[in-house]
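These notes concern the structure reproduced below.
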Number of protein chains: 2
Amino acid sequence: MVRIMAEPSGTARDPEAVSRFVEHFAAQLVEAGMQRMPARVFGALLASDAGALTSAQLGEQLQISPAAVSGAVRYLAQVHMVSREREPGSRRERYRVHGDQWYEALTNREAVIKRWEDALREGVTSLGADTPAGRRLAETLAFFEFVEKEVEAMMERWRVHREKRFGQ
Amino acid sequence: MVRIMAEPSGTARDPEAVSRFVEHFAAQLVEAGMQRMPARVFGALLASDAGALTSAQLGEQLQISPAAVSGAVRYLAQVHMVSREREPGSRRERYRVHGDQWYEALTNREAVIKRWEDALREGVTSLGADTPAGRRLAETLAFFEFVEKEVEAMMERWRVHREKRFGQ
DNA sequence: CCTTAACTTCACAAATTTCTGAAAGAAGCG
DNA sequence: CGCTTCTTTCAGAAATTTGTGAAGTTAAGG
């Protein structure tokens, strides 16, 4: 049970409360399809005061190996949910949740949607646009195209809403 | 290689084209987090002319056991992506994609969102609304609440859009 | 009622995924 | 340049998930 004094900040936070949140939140992400380690790492970052942690801190807090941290972080960076930064003049890397950047990523299932659309388009042509099945696929495709446009507009509105509510 | 003459309809469909679509589409769903069997079953239903298939037909087309069909269908029904119907006077059950009903369900990640929100709310109070971490969680929570409202409005607009484009 | 057709549940084998320890690979610092 | 500190990669052990066969359950039809 070693505690790392990582942040120079004064107020000690209740590590148990943090852990409870992290695990609970991660469990929801897992249920929604995310892998366990990425989910936990992401939770830990969200719940950190600085919004960023080093690899060692993550390993310590979550009781996982450096290898596990590495894998989780690679995934999270790939889907743009965290960014990596190197403190200049150190081999230590920090991983950060970028305030806004990340829920942009959450909605950036766009890549996913695009591939659904491709599959559907292919289906429409190969089954025939004039068959009942083809028509069903076409309608589904139309739905996704609709959603894609709408989500974009929604994020625009969110940025405005956010500005008003949280300043900055 | 046995073909079932299931639909009384005349035009034979190319089973290979259907299969190609089903597997491709299912693969995308899997990548997005859905289990393989539910994804394949759902694909098969989407690609069927009647929009409905019996358990036996699904097993035949996808080359899976009745048990697998049962499990997949149970899941799909639970999340309202298909509905089950019994042809009156028969033990045979049919599973159907309900045209509209199902993408309502897709957006009905609402249940999921609700639980994310709960976890976040808990986090805000337990970490303290006045801490940096607490503020970050609160903002994230606000985002989800925003999305929830927006999605509802979006679906309303879709119904209108759909009506215009596909009649009925 | 009894038979039989259909669906479901359950225990287990197989396949897949997940995480680790160990070794290899970068990059600051002397 | 070599040493040291951190991160990544890789092979494999452990755990989990997935799909099956077989037994169990339900309900139609004689």
Side-chain angles (χ1 to χ4, degrees), chain A residues 2 4-6 19 22-23 26-45 52-79 82-96, chain B residues 2 4-6 19 22-23 26-45 52-79 82-96:
Chain A
V2 183
I4 296 187
M5 287 303 155
S19 177
V22 169
E23 298 305 330
Q28 307 309 335
L29 293 182
V30 167
E31 196 155 342
M34 189 183 288
Q35 291 164 332
R36 182 182 314 282
M37 284 295 143
R40 297 181 71 209
V41 166
F42 186 70
L45 287 172
L53 295 171
T54 66
S55 180
Q57 291 174 313
L58 285 167
E60 165 67 19
Q61 185 181 332
L62 301 175
Q63 293 293 332
I64 58 180
S65 71
V69 174
S70 175
V73 151
R74 170 159 39 130
Y75 171 80
L76 290 171
Q78 213 151 34
V79 299
V82 313
S83 51
R84 346 165 64 113
E85 36 183 76
R86 201 115 195 187
E87 348 187 19
S90 162
R91 286 127 265 171
R92 236 174 209 132
E93 221 154 55
R94 320 191 109 220
Y95 307 107
R96 152 160 282 130
Chain B
V2 183
I4 295 189
M5 287 303 156
S19 177
V22 170
E23 299 305 331
Q28 309 308 337
L29 293 182
V30 167
E31 196 156 341
M34 188 182 289
Q35 292 164 332
R36 182 183 314 282
M37 283 296 144
R40 295 181 71 209
V41 166
F42 185 70
L45 287 172
L53 295 170
T54 66
S55 179
Q57 291 175 312
L58 285 166
E60 165 68 18
Q61 184 180 334
L62 301 174
Q63 293 293 331
I64 58 180
S65 70
V69 174
S70 176
V73 151
R74 170 159 40 131
Y75 171 81
L76 290 171
Q78 212 151 34
V79 299
V82 312
S83 50
R84 345 164 65 112
E85 37 183 76
R86 200 114 195 190
E87 346 187 21
S90 161
R91 286 129 265 174
R92 237 174 208 130
E93 221 155 55
R94 320 191 109 220
Y95 308 106
R96 152 160 282 130

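Chain naming here is simple, since letters A, B, ... match the order of the sequence lines and numbering starts at 1 in each.
- In the set dA27(C), dT20(C), dT20(D), dT20(C) carries the atom at the smallest distance from any side-chain atom of A68(A).
- The side chain of S55(A) contributes an N or O atom lying less than 4.0 Å from OP1 or OP2 of dT7(D).
- Comparing dA27(C), dT8(C), dT7(D) by their nearest atom to the side chain of R91(A) picks out dA27(C).
- Each of dA27(C), dT8(C), dG21(D) was ranked by its minimum atom distance to the side chain of E93(B); first place goes to dT8(C).
- A donor-acceptor contact shorter than 3.5 Å is absent between the side chain of R96(B) and the backbone of E85(B).
- Taking atom CD of residue Q78(B) and atom C1' of nucleotide dT8(C), one finds them 14 Å apart after rounding to whole Å.
- Atoms CD and CZ, from Q35(A) and R40(A) in turn, are 13.5 Å apart once rounded to the nearest 0.5 Å.
- Rounded to an integer number of Å, the gap from CZ of R36(B) to P of dT16(D) is 20 Å.
- Side-chain contact check for V41(B) versus Q61(B): every heavy-atom pair is 4.5 Å or farther apart.
- If you measure from atom CD of E87(A) to atom C1' of dC6(D), you get 12 Å, rounded to the nearest angstrom.
- Nucleotides of DNA chain C nearest to G89(A) and I64(A) differ in position, and the one nearer the 5' end is that of I64(A).
- At whole-Å resolution of the value, CD in E31(B) and P in dT17(C) are 12 Å apart.
- Distance from the side chain of S70(A) is smallest for dT8(D) among the nucleotides dC10(C), dT18(C), dT8(D).
- As a whole-Å value, the separation of Y75(A) OH from dT17(C) P is 14 Å.
- Regarding R94(A), its CZ atom lies at a distance of 13 Å from the P atom of dC6(D), rounded to whole Å.
- The separation between E60(B) atom CD and dA6(C) atom P is 14 Å, rounded to whole Å.
- R92(A) places no side-chain N or O within 3.5 Å of a backbone atom of T54(A) that could act as its donor or acceptor partner.
- The nucleotide whose nearest atom lies closest to any side-chain atom of S65(B) is, among dT8(D), dC19(C), dG21(D), dG21(D).
- As a whole-Å value, the separation of M37(B) CE from dT16(C) P is 12 Å.
- R84(A) comes within contact range of the sugar-phosphate backbone alone, with a heavy-atom separation under 4.0 Å but no base atom that close.
- Within the nucleic acid shown, R40(B) has no heavy atom closer than 4.0 Å to any nucleic acid atom.
- At the phosphate of dT17(D), neither OP1 nor OP2 sits under 4.0 Å from any side-chain N or O atom of Q35(B).
- You'll find that the side chain of R92(B) is closest to dC7(C), out of dT8(D), dC7(C), dT20(D).
- Rounding to the nearest 0.5 Å places OH of Y95(B) at 10.5 Å from CG of L76(B).
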